[in-house]
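Note that this is a predicted model, so its numbers are computed, not measured. All ligand and atom numbering here is 1-based and tracks the order in the structure.
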Amino acid sequence: MRFILSRLPTMTVNNQQFTSEKIYDINYLTANLLTFKVTRPAGFRFKAGQFARLGLCKESNEIIWRAYSLVNPPHADYLEFFAVLIADGEFSQLLQKSQNNEQILLDKQAFGYLTLDRFADGKDLWMLATGTGIAPFISILQDLPVWQQFERINLCYSVRKTADLAYQDIIKNLANWEYIGENAAKLRYLPLTSREKQPIIQQGRITDLLRTDDLEQIMDCELTTDNSRIMICGNPAMVQDSLNILKSKGFRLALTRKPGQIAVENYW
Ligand SMILES: Cc1cc2nc3c(=O)[nH]c(=O)nc-3n(C[C@H](O)[C@H](O)[C@H](O)COP(=O)(O)OP(=O)(O)OC[C@H]3O[C@@H](n4cnc5c(N)ncnc54)[C@H](O)[C@@H]3O)c2cc1C
C-alpha cells in the first residue's frame, strides 16, 4: 500500500486510514537490530500476535508502508516493534534515519491471524520463531490468555548469533509479572544459534530439530495432533519447511472455517 501526499514534509496528514504518531525509545540491540516504541492512539485495537502497518516518508513525499508485528501486549499504553535493518531496504533506510520524537504513520487497523483464537483446543502451544519473528510471541507471552489456555508453552527462537537474541529479559522474567506468576513454569525456552557455537546455547536449525524429532526430546514434550498447537513466524523458507515436516506428521493449517493445529506468519 503506497500513498503520495502533497503536504508531507510537515506530515500534517489527516487521513481516515491512518494516524500520525511519534516514534520514541529507539534502542539498537546490534548494528542492524532495533526496538522502538510508537505512541498509541486511543482507538487502536489489536489482538496479541497481530501486526501493524507503519509508514515513513521519503524526501520525494512518497510514503513507504511496511508490516511490523506488535511486541507489546494489548493492554499496554504504547506500541512496540522489533525491526531488522535490511541493506538497501526502502523502509529500513528511512527507519535508520528516524530520531526519537519524529513522526511515523500508523494504519488505524491491525491485521493478521497469528492469534490464539485460531485454536479452539489443545494443551501444548509451540511457538517457532526465526529472527524478528519472535515479536508476536513476546506480545502473546505478555498477555494473560495464553497462560490460561495452555498447560505447556514451548518457545523455540532461532537466530544467527547470540547477540541477535532479543527480549531475553522478558522471556526469563515472566514469573515476576503479577498476572503471570507461577504460570511461567509452563514455559520451556530453547534459544538456538545457527552460525555460532556457544556453550550455553544450543546450535542448530528449528527445521533440522523438527525433522529428526530432536525438538520433542529437547523440550521433553511430544508433538501430537490432539495436544499440540503450533505457531510459526519469520523466514518464509523456515515457515514452509516446518509446515511440510508437520504436514507429513499429520498436522494441518488452522483456517477460519477448518480447524487445524498450525498458524503461520511469513515476513516476506
Ligand atoms: C505480516 C508481516 C509482519 C512483519 N513483521 C516484521 C517485524 O516485526 N519486524 C521486522 O523487522 N520485519 C517485519 N516484517 C518485514 C517488514 O515488513 C519489512 O519487509 C522489513 O522490515 C524490511 O523492509 P524494507 O523496505 O527495508 O525491505 P523490503 O524491500 O521490504 O525487504 C527486502 C528483503 O529483505 C528481507 N527481509 C524482509 N524482512 C525481513 C526480516 N524481518 N528479517 C530478515 N530479512 C527480511 C527479504 O529478503 C526481503 O525480500 C513483517 C512482514 C510481514 C509481511
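- Protein heavy atom at the shortest distance from atom 11 (O) of ligand 1 is V84 N, 3.0 Å.
- No donor-acceptor distance shorter than 3.5 angstrom exists from the side chain of K58 to the backbone of I64, with no hydrogens or angles considered.
- Nearest to atom 3 (C) of ligand 1 among the protein's heavy atoms is Y267 CE1, 3.2 Å.
- Counting heavy atoms under 4.0 Å from ligand 1, residue N266 touches it through the backbone alone.
- Donor-acceptor pairing under 3.5 Å is recorded for the side chains of Q103 and S20.
- Within a 4.0 Å radius of atom 29 (O) of ligand 1, the protein contributes one or more non-hydrogen atoms.
- There is no side-chain donor-acceptor pair under 3.5 Å between Y157 and Q168.
- Regarding atom 37 (C) of ligand 1, its nearest protein heavy-atom neighbour is W268 CE3, 3.8 Å.
- If you check which protein heavy atom lies closest to atom 33 (C) of ligand 1, you get I86 CG2, 4.1 Å.
- Counting only heavy atoms of the protein, atom 52 (C) of ligand 1 lies nearest to A67 CB, 3.6 Å.
- Distance from atom 12 (N) of ligand 1 to its nearest protein heavy atom, with residue and atom name: Y68 CE2, 3.7 Å.
- Not close to ligand 1: F81, with no non-hydrogen atom less than 4.0 angstrom away.
- Residue-to-ligand polar distances place F82 within reach of ligand 1: an N/O pair is separated by less than 3.5 Å.
- Of all protein heavy atoms, the one lying nearest to atom 8 (O) of ligand 1 is S69 N, 3.1 Å.
- Residue contacts with ligand 1: R66 is placed with a nitrogen or oxygen under 3.5 Å of a nitrogen or oxygen of the ligand (distance criterion only).
- In F51, the part holding a heavy atom less than 4.0 Å from any atom of ligand 1 is the side chain.
- Between the side chains of T162 and E196, a donor-acceptor pair is found at a separation under 3.5 Å.
- Atoms of ligand 1 found under 4.0 Å from any heavy atom of T132, numbered from 1 in the order shown, are 9 (N), 10 (C), 11 (O), 40 (C), 41 (N), 42 (N).
- The shortest distance between side-chain heavy atoms of R211 and D208 falls below 4.5 Å.
- Under 3.5 Å, the side chains of N32 and T30 contain a donor-acceptor pair of N or O atoms.
- In terms of protein heavy-atom proximity, atom 26 (O) of ligand 1 is nearest to S92 OG, 2.5 Å.
- Neither the backbone nor the side chain of Q93 has any atom closer than 4.0 Å to an atom of ligand 1 (non-hydrogen atoms only).
- Looking at D213 and Q217, their side chains never bring a donor and an acceptor atom within 3.5 Å of each other.
- The closest side-chain donor-acceptor pair between R118 and T256 falls under 3.5 angstrom.
- A cation-pi arrangement is absent between K108 and F18, since the terminal nitrogen or guanidinium carbon is not both under 6.0 Å from the aromatic centre and inside a 45° cone about the axis.
- When each atom of ligand 1 is checked for a heavy atom of E265 under 4.0 Å away, the hits are 1 (C).
- Y68 has its ring centre no less than 6.0 Å from the ring centre of F51.
- Between the side chains of T39 and E21, at least one donor N or O sits under 3.5 Å from an acceptor N or O.
- Between A135 and ligand 1, no pair of N/O atoms sits closer than 3.5 Å.
- Using a cutoff of 4.0 Å between basic side-chain nitrogens and carboxylate oxygens, K47 and D117 are scored as salt-bridged.
- Listed by number with element, the atoms of ligand 1 under 4.0 angstrom from any heavy atom of E90 are 24 (P), 25 (O), 26 (O).
- Distances from atom 27 (O) of ligand 1 to the heavy atoms of G112, C233, G89, A83 show the closest one on G89.
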